[in-house]
Amino acid sequence: MLRAGFKTDNGNIILDVHNPSILNPAEREERLDHLAGMVTNGLFARRPADVLLLASGQGV
């Protein structure tokens with residue numbers, strides 16, 4: 001779904017996709033990165049997290 005009224009700081013449109021079925025996220029990220037016109041994606045499957053912040057009722 002197009003995020004109407006919002007653009008990146010470089011003027012690119014933002015497309016939100018909700019509840020996709022992704023069986024192999026690293027492969028999907030690779031394919032998305034090679035689509036013509038694709039600037040970036042939000043999967044981040046090929047690089048592990050550096051830090052995990054976990055929140056609860058007592059704080060982070």
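The figures here come from the full heavy-atom set of this structure, side chains too, leaving out hydrogens, waters and symmetry mates.
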Peer 1: In the single-linkage hydrophobic clustering (I, L, V, M, F, W, Y; side-chain heavy atoms under 4.5 Å), do I22 and L35 co-cluster?
Peer 2: yes
Peer 1: Group every Ile, Leu, Val, Met, Phe, Trp and Tyr by side-chain heavy-atom contacts under 4.5 Å, then state whether V51 and V60 land in the same group.
Peer 2: yes
Peer 1: With the 4.5 Å side-chain cut-off for hydrophobic clustering, are V39 and I13 part of the same group?
Peer 2: no
Peer 1: Which heavy atom of K7 sits nearest to which heavy atom of G11, and what is that distance?
Peer 2: CD-O, 3.5 Å
Peer 1: Does any N or O in the side chain of E29 come within less than 3.5 Å of the main-chain N or O of L43, such that one atom is a donor and the other an acceptor?
Peer 2: no
Peer 1: On a heavy-atom basis, which atom in A26 and which in A45 lie closest, and how many Å separate them?
Peer 2: N-CB, 3.6 Å
Peer 1: I need the D33 CG to T40 OG1 distance, nearest 0.5 Å.
Peer 2: 6.5 Å
Peer 1: With rounding to the nearest 0.5 Å, note down the distance linking CZ in R31 to CG in N24.
Peer 2: 10.0 Å
Peer 1: Look up atom CD1 in I14 and atom CE in M1, then write down how far apart they are to the nearest 0.5 Å.
Peer 2: 14.0 Å
Peer 1: Is R46 atom CZ crowded by more than 12 heavy atoms from other residues, nucleotides or ligands, each under 6.0 Å away?
Peer 2: yes
